[in-house]
Structure formats: structure tokens, C-alpha cells
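Below you'll find the structure, written out as C-alpha cells, and then a few comments.
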Amino acid sequence: MSVKETTVAIVGGGLVGSVMACYLARRGYRVSLFERRPDPRISMIDGGRSINLALSNRGWKPLEELGLADEVEKLVIPMRGRMMHNEEGALTFQPYGREGEAINSVSRGGLNQLLLTKAESLGISLGFESTVADVDFEKGILLFADGSFFTADIILGADGAYSMLRYQMQRTERFNYSQYFIEYGYKELAIPADKEGKHRLEINALHIWPRGKFMLIALPNLDGSFTCTLFLPFEGDCSFEQLCSHEAITSFFREYFPDALEVMPELKEDFDDNPTSSLVTIRCFPWSRGKVLLIGDASHGIVPFYGQGMNSGFEDCRVLNELLEKHNDDWQKVMHAFQEQRKPDTEAIADLALANFREMRDLVADDDFLLRKKIEARLYELYPDKWIPLYSMVTFREDMRYSVAKRRGEIQQEIMDKVMKQEGFRENWESADFSWVINELAGRQ
Ligand SMILES: Cc1cc2nc3c(=O)[nH]c(=O)nc-3n(C[C@H](O)[C@H](O)[C@H](O)COP(=O)(O)OP(=O)(O)OC[C@H]3O[C@@H](n4cnc5c(N)ncnc54)[C@H](O)[C@@H]3O)c2cc1C
């Protein structure tokens, strides 16, 4: 069957489903996309709240390939580093990478709308308020909640971390699955724009209030506001469970985030109105069954602490497109190759995302950790092709697989442990000779 005669159904019109739809339409497939929610370009989802995400190089590359870079550029605010707020409100700025390197704050809703409009312009049929309830993997039939059917040659499940298609796979044999909820939840809050419509905090930064066991972060929006996310344990000391009255919320913020409290006039209302949500890591395998393949969060949902969930989902789309090219659109070969290639990479970023929570909420305020970061930055400056900090490999090196970045990061960590143990190093590191460090690194790769 030729590409032009092949019908692809995509379940889920979120970020990943709409990017994949655009890639496939460009290849000449007949694409139908089904989304459970109403069209976000017409009706407001999430009650009109601005929710933003950090878009970095791995996510940017597919958008560029789809010719969307100029339009996405208008939606983003570059964040060049972390702005740390201590309990007294003092600020410290840590650049994310080298000069010119930044991650980008983008509105989830704005990006999704842009992608759906692009998909529509490529001739993709968009079916909103279409909830998939069941699937026949071998025949390629989708059954909808209203009792209607749709038959396709290929079905892609881009229906998110709580995927219905994955749920149906879980009921088949030799399908492995795990879900792991961390003991923390999150709540979205807001710092509105000031009276002139301007940002009340430094605009080109991701703000963090690290407090050891919990943290608050804030990403800028184009309208002058910031979207904040409070990450707290569900239960125990300093937990959501304890923030059960307006007095408790205000006194908690006064104690731990006093400078944030000053710029959050709607804190109590936001706290009441916005849900407390959980954070899950989803691992499963295989990702394909008959005519169905899972992509994005449906196959590898991760916690948000590396800002890579959407980025890795977009990378899925780019890799899938490359494999279709390589295997002349032979889907049986492509599905197999895709899951074999992507599984180790998505496992790596799932692990790194869990580990980065500790770094964000705790270590960014630790002197030893900050010194390591400074030394790493020096090594990166001196040997830019040899010593690349883990954060930079994950965030700015879209040509490097996550699994490779993770392995190199582990080796670098071991070498850095040795560096830190050297006598007198802490005091004299600025004049130290680092050639042995680079030799050791070369010997370990
Ligand atoms: C608090 C938080 C912060 C995050 N921050 C970042 C960040 O900074 N950077 C980053 O890269 N990632 C971030 N992420 C991760 C990112 O949100 C996800 O990885 C990304 O949204 C995954 O896209 P997706 O299209 O696979 O799934 P989703 O965005 O969940 O989309 C799935 C779509 O499928 C639809 N659907 C579900 N079931 C059905 C059904 N049965 N029938 C039809 N349609 C269905 C849903 O309505 C939805 O539109 C964050 C996540 C969280 C929770």
C-alpha cells in the first residue's frame, strides 16, 4: 500500500499528537486526529489559566523541521538561567549554559493551538470531543465512547500519561508496565503582571525558591505574569495536607517564600481554585501491538524536573519520521526499530528527571554543589568538546542521545568526586591544572 493510500489515526491532539500529525501529513499520509476535549482554539481549557513549559533544543528541532520556528519564536520567552531566591529574598543567578544558550518558556495552550492550526492547514482531519474507549489492535479499529467506529491502517496512541490505548495493551499478554507516583504533588499558582502590565520579577530566568524538602518555581508568560508551581509532599511536615486554611497558607508562604508572597495577591484564591495534582513516571514495553504504536507520555510519562517531557515527546516524532524515511515507510520495521531505539533513551531521561528533583529543591542552595557547578563551567569553557555538563548535554545537545548523556554524566560525576577530594583544591581551584581530569575522562570513554 502506498503512503497516499495509508490512513493513520492519531489518538490525542495534545502537543505530541499534533506534532506527529504534521510530520505524517507532510509525508503524504491521510491523517485523522481524535481528541477527547473540545477544540482549544474555540473553548478555553483549564479555566483559562496560563500554564507554561520549558521548551529546549530537542523540542525546538522538530518544530524547526516542520517550518514552525518563526511562529513559535513569537510565543516564547528565553530563560538564560536559574534565579535562586533564598529565605531572606536574596537572589543568585546561575546561567544554564554558555553565552547565548537558553531554555524557553512557552504557553502550553498557545503552542497546542498553533500546532493544531498547522495540522489543519496540512489537510489533517481534526475530530474534537471524540473520546476513544477501546481498540482492536490487529484490525486497527477505534471504538469511541459514543459507539461510533473508525478503521485505520496505523494507529498512534498520543493520549498522554493516562493513555486509554496503553490501558488496553496492559490487558494483553507479555506487556510490561509500571507506574510510580512520587510522594510529592504540585499546584499551579500565579504572579500577576504589575499595574503597567510588566513582569514583577526578572523576566529572562526560571525562578526557584529551593527549600530542601520542597520548592516553588516560576516561569514567565508573555502577558507580564508568571506561572508558579509549588511542589510539596502530600502528607507530613510542610505538606499540602497541612495547608488546609487561608491562615495556614499565608503563614507558610510568609515563612518560606516571603518575597514571593509579596507579589502573589491572588494566592489564596489560586490555592482554592487550582487542583493539587500528582506526579507519575510511566514505564512500559513493548510500545507496539498489531497496528498500534504508543508515543509521547503514553509510552514514557516522566516527572517534570528536567523540563523534558514534551521535549522528549517531540524527539519521538522526529525519530519516528527519520525511521519512516530510512525504512521506506515499512511500518512493521519502523515500529520495531522505533521502540528499540527510543526505550533506552526514554528510560535515561526518566531516571534523570527523578534525580533532578533533588538538585532543584535542595542542592542548588548547597555550597559544595555550587562549587562543583563553577568547576564544571570552567572545564566546559576550557574543553568545550570534551567536558560538557550533564544539564547541557540533556538540554542543549539535541544531537546526543539521552542514554549517552546519562552515561557520560555518571562518568563525569565520578571524576568530579575525585577532584573535590584533592587536598587544597577548594581554595585553589581557579589556578588548578585540569589536564589530568580530561585525560582521565578520555580514558573512561
Ligand atoms: C507540572 C508539569 C510541568 C511540566 N513541565 C514541562 C516542561 O517544562 N518541559 C517539558 O518538556 N515538559 C514538561 N512537562 C511534561 C509535558 O507536559 C508532557 O510531557 C507533554 O504534555 C506530553 O504530551 P503528550 O501529547 O504525549 O500528552 P498530553 O499533553 O497529555 O496530551 C494527550 C492528549 O490526549 C487526549 N486524550 C487522552 N485520552 C484520550 C482518549 N481516550 N481519546 C481521545 N483523546 C484522549 C488528552 O485530552 C490530551 O489532549 C510538564 C508536565 C507537568 C505535569
Side-chain angles (χ1 to χ4, degrees), residues 56 79-103 205-215 217 231 256 305-308 348-397 400-445:
S56 53
M79 300 180 289
R80 303 202 172 87
R82 295 161 163 165
M83 185 70 85
M84 252 87 62
H85 298 238
N86 76 8
E87 260 119 335
E88 283 77 50
L91 305 179
T92 324
F93 183 74
Q94 271 177 22
Y96 275 129
R98 290 188 296 191
E99 188 70 31
E101 284 179 329
I103 60 175
L206 191 156
H207 293 263
I208 311 185
W209 290 257
R211 296 295 178 262
K213 295 270 179 264
F214 55 91
M215 68 174 178
I217 66 168
F231 294 95
Y256 294 106
F305 305 115
Y306 231 113
Q308 286 295 313
I349 191 60
D351 294 342
L352 290 171
L354 283 165
N356 211 45
F357 186 28
R358 178 151 185 256
E359 178 166 327
M360 285 180 85
R361 66 170 206 238
D362 195 358
L363 296 178
V364 282
D366 175 282
D367 286 344
D368 212 49
F369 174 82
L370 294 176
L371 178 59
R372 277 175 182 249
K373 287 273 158 194
K374 279 188 196 156
I375 297 170
E376 279 217 277
R378 168 64 63 81
L379 283 165
Y380 191 24
E381 196 182 302
L382 292 173
Y383 308 99
D385 301 326
K386 297 197 171 86
W387 188 289
I388 309 167
L390 177 60
Y391 186 86
S392 296
M393 290 191 276
V394 170
T395 308
F396 302 123
R397 290 292 300 268
M400 186 185 288
R401 294 178 60 171
Y402 285 125
S403 51
V404 174
K406 182 177 176 235
R407 188 167 44 76
R408 284 183 62 159
E410 285 160 357
I411 295 170
Q412 289 180 180
Q413 167 96 18
E414 283 168 25
I415 297 175
M416 191 55 85
D417 288 345
K418 278 195 198 171
V419 170
M420 297 295 285
K421 277 189 197 132
Q422 289 213 315
E423 213 168 310
F425 192 80
R426 276 159 213 269
E427 297 75 41
N428 304 321
W429 71 271
E430 283 183 90
S431 54
D433 172 16
F434 287 106
S435 50
W436 71 269
V437 173
I438 294 305
N439 289 341
E440 172 142 358
L441 180 62
R444 298 276 306 269
Q445 281 169 0

Check residues 377-392 and write down every donor-acceptor pair under 3.5 Å in which the side-chain atom is one partner and the other belongs to a residue at least two apart or another chain.
residue	atom	partner	partner atom	Å
Arg378	NH1	Glu430	O	3.1
Trp387	NE1	Glu376	OE2	2.7

Quick check: do [X] and [Y] have side-chain heavy atoms less than 4.5 Å from each other?
{"X": "Met393", "Y": "Val404", "answer": "no"}
{"X": "Arg426", "Y": "Asp368", "answer": "yes"}
{"X": "His85", "Y": "Leu91", "answer": "yes"}
{"X": "Phe93", "Y": "Arg82", "answer": "no"}

Under the side chain to side chain contact (heavy atoms under 4.5 Å, CB included) rule, collect the residues that match up with [X], sequence neighbours excluded.
{"X": "Ala355", "value": "none"}
{"X": "Gln413", "value": "Arg372, Asp417"}
{"X": "Arg444", "value": "Ile411, Glu414, Ile415, Glu440"}

Would you name the heavy atoms of [X] and [Y] that are closest together and state the gap between them?
{"X": "Ala348", "Y": "Ser403", "result": "CB-CA, 3.7 Å"}
{"X": "Trp209", "Y": "Ile217", "result": "CZ3-C, 4.1 Å"}
{"X": "Thr395", "Y": "Gln308", "result": "CA-NE2, 4.2 Å"}
{"X": "Pro210", "Y": "Met84", "result": "CG-CG, 3.9 Å"}

query: Can you list the residues that meet the side chain to side chain donor-acceptor pair (under 3.5 Å) rule with Ser435, with sequence neighbours excluded?
result: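 With neighbours one apart ignored, the set is Asp433.
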
message: Under the rule for side chain to side chain donor-acceptor pair (under 3.5 Å), what residues qualify as partners of Arg401, not counting sequence neighbours?
response: Asp345

query: To the nearest 0.5 Å, what is the distance between CD (Gln422) and CH2 (Trp436)?
result: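 One gets 4.5 Å once the value is rounded to the nearest 0.5 Å.
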
message: Between Arg211 (side chain only) and Asn86 (backbone N and O only), is there a donor and an acceptor less than 3.5 Å apart?
response: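 Looks like yes, one N/O pair under 3.5 Å.
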
message: In terms of relative ring orientation, are Phe357 and Phe305 parallel, tilted or perpendicular, with 30° and 60° separating the classes?
response: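 Rings of Phe357 and Phe305: parallel, as their planes differ by under 30°.
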
